[in-house]
Amino acid sequence: MTRFLLTPLSVAMLAGFGVYAVAAENQEPLETISVLGNSEALHKLPGSAHLVSAEELEQFEFVDINRMMRAVPGVYLREEDGYGLRPNIGIRGADGGRSGKISLMEDGVLVAPAPYSAPEAYYFPTAGRLHSIEVLKGPGTLKYGPFTVGGAVNMISTPIPDETTGKVQLEAGQYGENRLHTYFGGSTDTSGWLVETHQQQADGFREIDRADSADIAKEDYLLKGRLNSAEGAAFAQQLDVKLQYSEEESGMSYLGLTDADFAADPNRRYGISALDEMRNRHSTLQLNHSIALSDDFSLNTQAYYNKFKRDWFKVSLGGLIADANMGDADAQAILDGELDTEFGIKHNNRSYVSRGVQVSANWQLQTGTVQHDLEIGVRRHWDEVDRFQPTENYRQINGELVYQDTTDPSSSNNRVEDATANSLFVYDQVQLGEKLALTASLRYEDVETAQQRYNDVDRLEKGSSRSNSVNEWLPGLGATYAVSNAVTLLAGVHRGFAPPGGGSAEGEAGDLSTNYEWGARFDNGDLRAELIAFYSDYENAVQNCSVAVPCANGDDSGNYALGESDIRGVEALVATEWSMANGWLIPLSASYTWTEAEISRSNLDGSLQKGDNFAYLPENVFAITTGIDSGAAWRINLTAAYQDEMCVNNLCNRGTSDKYDVTESQWVMDAAAHYEFSDDLAGYLKVDNLLDDQAIINRAPDGARANRPRTASVGITYQF
């Protein structure tokens with residue numbers, strides 16, 4: 001793997017926080033990187049919330065975020081590369097393309113490369129090193145923003161351990177897969193530290209015509225430090241820093257397959273895409289300071305800096321796929337390498353920077369008999385994406401790719417976009433007696449964006465420019481009512497918003513919706529269940545256009561207004577565990593999401609009509625997990641997930657679509673078995689896609705592509 005060199009500046013900017021606000025009275029840290037809080041706070045949340053715990057992640061040893069999150073109700077996942085490197089996550093009908101419509105966070109801080117000016121998450125934290133994952137929907141998302149139309153996902157990194165301890169995990173499997181995950185850290189009364197790395201490599205399961213397989217190499221490094229006041233200090237306070245750096249080199253392409261070639265070999269890749277490759281590097285600095293000025297009042301200040309550099313060198317030949325699907329023999333011959341042709345491979349070369357400061361105050365007070373848990377926060381954020389994307393021209397000659405020359409980028413591929421955002425939120429949890437709790441929230445977003453294009457490579461001649469200014473007040477109200485110790489009713493309404501992006505023109509408002517939810521939670525200690533209905537009334541739904549997910553009008557940059565839309569659905573969850581007479585434990589959990597979404601009013605140009613469907617939104621999603629835990633040395637876990645077919649455009653409801661307009665429905669089963677040789681040493685065997693069921697799970701951007709085939713891996717874990 002070609003390594004990127006670290007400059008002194010990038011080293012200085014490599015850090016982040018793991019946040020702990022400290023109560024002055026007892027000096028015990030309260031982690032604030034969590035968006036859900038403790039179990040008591042979770043029961044009071046007016047909306048749906050889900051935690052994928054460290055124990056759940058350990059059951060299957062997943063390194064793919066799609067597999068980690070597919071049992072979360074209300075979440076839709078569209079696979080692309082088979083490894084979850086750049087996932088497409090949607091929540092409650094919000095567009096999942098590059099996870100660009102959700103508030104994506106790590107340790108409570110936005111991690112998309114440029115959340116306001118270019119929100120598509122071409123960078124995603126290394127899933128194999130994550131400690132747990134939180135998903136939040138409903139009025140509670142107004143605390144985090146700026147994306148409140150669907151929900152928020154917060155990924156929690158490995159915490160600093162309470163005592164000196166470490167872990168080494170080694171894994172090897174089919175298709176040349178291997179990984180190393182190790183960390184070591186410890187704490188004293190006034191300090192803590194952690195060092196961690198995750199290394200992942202694979203030859204890849206797609207075989208490229210006349211070339212090797214599509215390989216992957218990714219490495220990630222993490223360093224945390226903590227200083228906190230001694231017991232008995234007048235004001236308990238804590239300072240945290242997190243340093244993170246990662247780099248990736250992967251032979252990923254946007255070019256899929258024709259349906260006929262997919263049926264013959266779903267893991268084939270055309271030789272004309274042999275040079276396609278993603279290279280990127282990411283660095284983060286996050287700092288946090290928390291101070292408790294009294295038992296009831298605390299301040300938390302966070303500063304963050306993220307830098308992401310990528311060059312995705314790839315062809316864009318979707319027209320050949322479409323033509324070959326329709327029987328064009330010449331198009332098929334080009335894909336097979338049997339017909340000479342000229343084509344270009346563009347350097348999708350982009351640099352991203354984001355930075356910001358956010359301050360929040362938490363005040364617990366009582367007015368009469370009413371208890372308040374009041375939080376007020378402000379954030380100042382700036383981000384930028386710089387595109388300079390030349391094209392290398394090639395000829396395919398007798399199946400070989402021969403370089404010709406390089407074309408300078410057009411103005412659309414030579415541009416800078418930036419955004420400045422000021423945010424404010426007020427969030428008050430009000431306890432009215434023992435049974436009724438209200439949550440009132442208000443968020444304000446003030447966003448200014450700009451785009452500047454250039455007509456020459458030296459950027460001495462400016463081209464066209466755009467600017468936009470958007471500000472929105474976003475209120476929300478939620479309620480929970482404890483019918484009994486086991487049953488809680490909930491309801492909520494809030495204003496949804498997603499900023500329009502750096503390429504938006506003056507007056508474009510972004511996504512605006514009014515979101516409702518209502519339902520019930522049940523938890524008696526032995527059985528946990530949840531049933532929640534949701535409805536989102538969009539007065540304006542906006543699609544972010546990209547090469548990966550072109551808009552309904554064919555654009556691959558900027559955004560496109562879908563207009564007024566309705567999304568409705570139901571989320572259900574049930575979980576329990578049976579104890580057998582011999583000490584065995586049998587856990588069982590199941591989740592289900594039903595969703596229906598359509599355009600409720602034709603747009604101005606008539607390209608979208610009332611009744612048109614949403615693209616890439618499955619109607620039914622289901623997951624079930626079970627297993628056997630001996631309570632001693634061994635355990636076996638099984639999970640199965642189902643997802644409906646999806647329409648790849650907005651036209652399937654018109655009755656004119658064909659098989660090329662839809663993906664295929666699919667069941668996928670994964671299994672894992674663990675055995676503990678001692679308290680410190682354990683081994684495991686896992687098999688992803690146990691039944692080796694492959695289907696067309698995506699047709700974007702260019703052709704049919706399959707999920708990962710059956711893949712077996714073995715690993716060992718040593719803790720010290």
Side-chain angles (χ1 to χ4, degrees), residues 74-80 88-98 100-101 150 256-260 262-263 318-319 321-326 511 535-538 540-556 559-570 592-622 642-667 695-707:
V75 172
Y76 323 95
L77 302 156
R78 175 155 49 93
E79 292 190 55
E80 182 176 322
N88 302 287
I89 304 172
I91 299 177
R92 287 188 173 175
D95 181 25
R98 287 287 177 264
K101 295 292 185 180
L257 296 169
T258 66
D259 278 36
F262 185 97
I321 300 289
D323 292 343
N325 274 331
M326 300 308 293
D511 293 75
Y535 174 71
S536 297
D537 182 4
Y538 280 76
N540 191 41
V542 175
Q543 181 184 358
N544 296 333
C545 310
S546 67
V547 175
V549 188
C551 284
N553 61 352
D555 287 353
D556 59 13
N559 48 60
Y560 181 72
L562 301 177
E564 297 182 23
S565 309
D566 292 330
I567 301 172
R568 59 186 63 86
V570 175
Y592 171 73
T593 304
W594 171 80
T595 311
E596 183 179 72
E598 63 181 27
I599 307 299
S600 58
R601 184 177 181 179
S602 302
N603 64 355
L604 294 178
D605 62 13
S607 59
L608 294 175
Q609 301 174 8
K610 181 179 179 180
D612 284 350
N613 56 273
F614 274 38
Y616 283 108
L617 184 61
E619 182 177 0
N620 297 287
V621 178
F622 177 74
Y642 171 82
Q643 182 168 281
D644 260 346
E645 65 180 26
M646 299 180 289
C647 184
V648 305
N649 53 46
N650 300 96
L651 309 180
C652 289
N653 283 358
R654 298 186 186 182
T656 58
S657 59
D658 56 33
K659 66 177 184 178
Y660 303 116
D661 293 324
V662 294
T663 65
E664 296 176 333
S665 60
Q666 185 191 34
W667 275 100
I696 298 176
I697 46 86
N698 202 340
R699 291 186 182 273
D702 296 326
R705 60 191 67 228
N707 57 301

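Throughout, numbering of the chain's residues begins at 1 and tracks the sequence.
The line from OH of Y616 to CG of N698 is 4.5 Å long, rounded to the nearest 0.5 Å. Note that the CZ atom of R654 and the CG atom of N649 stand 9.0 Å from one another [nearest 0.5 Å]. Summarising the geometry, atom CD belonging to E598 is positioned 6.0 Å from atom CZ belonging to R568; distances are rounded to the nearest 0.5 Å. We find the CD1-CZ distance between I89 and R98 to be 11.0 Å, quoted to the nearest 0.5 Å. Taking CG from N603 and CG from L608, the interatomic distance works out to 4.5 Å, rounded to the nearest 0.5 Å. Note that CE of M326 and OG1 of T258 are 12.5 Å apart. Values are rounded to the nearest 0.5 Å.
When all heavy atoms are compared, the tightest approach of V648 to Y660 is CG2-O, 4.0 Å. Contact between E564 and R601 at its shortest, heavy atoms only, is OE2-NH1, 3.3 Å. Summarising the geometry of K610 relative to S602, their closest heavy-atom pair is N-OG, 3.0 Å, with the distance given to 0.1 Å. Nearest heavy-atom pair, R705 versus A700, reported as atom, atom and distance to 0.1 Å: NE-O, 3.5 Å. In this structure, F614 and S565 approach most closely via the heavy-atom pair CZ-CB, 3.5 Å. Contact record, N613 with C652: OD1-N, 2.9 Å, taken as the closest heavy-atom pair.
Under 3.5 Å, the side chains of Y535 and D566 contain a donor-acceptor pair of N or O atoms. The closest side-chain donor-acceptor pair between Y76 and N88, if any, does not fall under 3.5 angstrom. For the residue pair N707/Q666, the side-chain donor-acceptor check at 3.5 Å is satisfied.
Ring planes of F622 and W667: perpendicular class, angle over 60° (limits at 30 and 60°).
Side-chain contact between K101 and V542 is present, with heavy atoms from C-beta onward closer than 4.5 Å. Looking at I567 and T595, their side chains come closer than 4.5 Å, going by heavy atoms from C-beta outward.
The only option from T663, I697, D661 that meets the side chain to side chain contact (heavy atoms under 4.5 Å, CB included) definition with M646 turns out to be T663.
By the salt bridge (Lys or Arg N to Asp or Glu O under 4.0 Å) test, D259 is found to be paired with R699, residues two or more places apart in sequence or in another chain being considered.
Judged by distance alone, the side chain of D644 and the main-chain N or O of N620 form a donor-acceptor pair under 3.5 Å.
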